[in-house]
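What follows is a single structure, written as structure tokens, with notes after it.
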2 protein chains.
Amino acid sequence: MDGLDEGILRALVADARATFAEIGAEVGLSAPAVKRRVDRLVATGAVRGFTAVVDPAALGWGTEAYVEVRCEGPVSPRELRRRLVGIPEVVEAVTVTGRADALLHLLARDVQHLERALERVRDELDVAATESVIVLSRLLDRARPGHAGGD
Amino acid sequence: MDGLDEGILRALVADARATFAEIGAEVGLSAPAVKRRVDRLVATGAVRGFTAVVDPAALGWGTEAYVEVRCEGPVSPRELRRRLVGIPEVVEAVTVTGRADALLHLLARDVQHLERALERVRDELDVAATESVIVLSRLLDRARPGHAGGD
DNA sequence: GTTGAAAGTCGCTAAAT
DNA sequence: ATTTAGCGACTTTCAAC
């Protein structure tokens, strides 16, 4: 990991489908040299993969919420994960410090759909309490280029 | 947007560097047909872009937090955004319903670094109160393939 | 260890059907 | 939407640093 790798990462985050020659032009390397470094970044795990940034709103999923969940009794992260994978509206889930056990990020078509998804979360996890906030606007999203107001 | 487009989106989210022929094999289309549909998905905004999923931990950014922020007096989302862009540790920011004005997602090298970033947030936003939780483990991350425990 | 150059292969893209 | 064909990019090999 040196400055060249950082430049390559910047280029790949900005556009994962950039050609090796294009990336090379940005960082001052030939295409084969870039490929070798990209292969290494993937092999070492610095790059986990390449993905498309899909606009949920364009697919009619315009409602977004973050939900803190506190469960009845102790729950293992593994078990938590197992129960949440089956709920497609849960797009992100982390365990956290503090009063809550987990913080969930939900995506839904509308508020009714969100409510149904939350019911399903409560069913799956036997939840003691939840605290939800609905997203009004997305200001920033550095992990997903173009996904928020003019990054 | 039909079933074929959905299949193409699935393939691109799974691997943004997949060739059109590979995607075509998955959804049952020829490479040129896939290219036309991908071009249309990008043009209509359903696909906002393509990005690399970088593992922050592999770069030494192992500390992650979510922070609810309540500001003194009313603040416009635009102004909020302007002030947060300058803080690189803030990787995500949304405005939300409820007591808080904004929910921030922060990435830092360690807890000390996180504390400094939080001080900077407080300086930039004249904050009335913050409520932070530190991420213990990431269970699920559907937007970033391979970024959480065995998606 | 690294890089850059060349050659062969493969994928991309524009046409015609 | 597919097939074809021409072009550009990728990937391997090799020589040089």
Side-chain angles (χ1 to χ4, degrees), chain A residues 1-61 141-147 151, chain B residues 1-62 109 141-147 151:
Chain A
M1 271 300 306
D2 55 5
L4 275 68
D5 283 331
E6 287 177 28
I8 291 172
L9 284 181
R10 245 194 314 280
L12 283 174
V13 169
D15 179 12
R17 285 181 80 86
T19 67
F20 293 130
E22 286 167 349
I23 299 167
E26 279 188 38
V27 301
L29 240 53
S30 67
V34 172
K35 174 185 159 41
R36 272 192 299 270
R37 281 169 178 269
V38 171
D39 287 347
R40 193 180 57 196
L41 287 168
V42 172
T44 60
V47 171
R48 306 292 287 261
F50 304 95
T51 190
V53 182
V54 176
D55 182 11
L59 277 73
W61 291 60
D141 198 340
R142 292 205 148 98
R144 279 162 290 191
H147 194 257
D151 291 341
Chain B
M1 271 299 307
D2 56 4
L4 275 66
D5 282 331
E6 285 177 29
I8 291 171
L9 284 181
R10 245 195 314 281
L12 283 174
V13 169
D15 179 12
R17 285 181 78 87
T19 68
F20 293 131
E22 285 167 349
I23 300 167
E26 279 188 37
V27 301
L29 240 51
S30 68
V34 173
K35 174 187 158 41
R36 269 196 305 276
R37 281 169 178 268
V38 171
D39 287 346
R40 194 181 59 199
L41 287 168
V42 172
T44 59
V47 171
R48 306 292 287 262
F50 304 95
T51 191
V53 181
V54 176
D55 181 11
L59 277 73
W61 291 60
R109 278 182 288 273
D141 197 341
R142 294 202 146 98
R144 278 162 291 192
H147 194 257
D151 291 340

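Numbered from 1 within each chain, the chains take letters A, B, ... in sequence-line order. Note: hydrogens, waters and symmetry copies are ignored here, and every other heavy atom, side chains too, is used.
B/Arg48 and A/Gly146 get closest at one heavy-atom pair: NH2-O, 2.6 Å.
Rounded to 10°, the angle separating the first-five-pair axis and the last-five-pair axis of the helix from C/dG1-D/dC17 to C/dT17-D/dA1 equals 30°.
Rounding to the nearest 0.5 Å places OG1 of A/Thr44 at 9.5 Å from CG of B/Asp55.
Contact of the B/Glu6 side chain with the A/Leu59 side chain is not registered, since no non-hydrogen atoms from C-beta on lie closer than 4.5 Å. Looking at A/Arg37 and A/Asp2, their side chains come closer than 4.5 Å, going by heavy atoms from C-beta outward. Looking at heavy atoms from C-beta onward, A/Ile8 lies in side-chain contact with A/Val38 at the 4.5 angstrom threshold. Between B/Val34 and B/Glu26, every side-chain heavy-atom pair lies at or beyond the 4.5 Å cut-off.
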Please step through side chain to side chain contact (heavy atoms under 4.5 Å, CB included) for the pair A/Val27 and A/Arg10, ending with a clear verdict. CA-CA 10 Å; A/Val27 301; A/Arg10 245 194 314 280; over 6 Å; no

Base versus backbone protein contacts along nucleotides 1-17 of chain C [heavy-atom cut-off under 4.0 Å; B, S, -]: -SBBB-----SSSB---

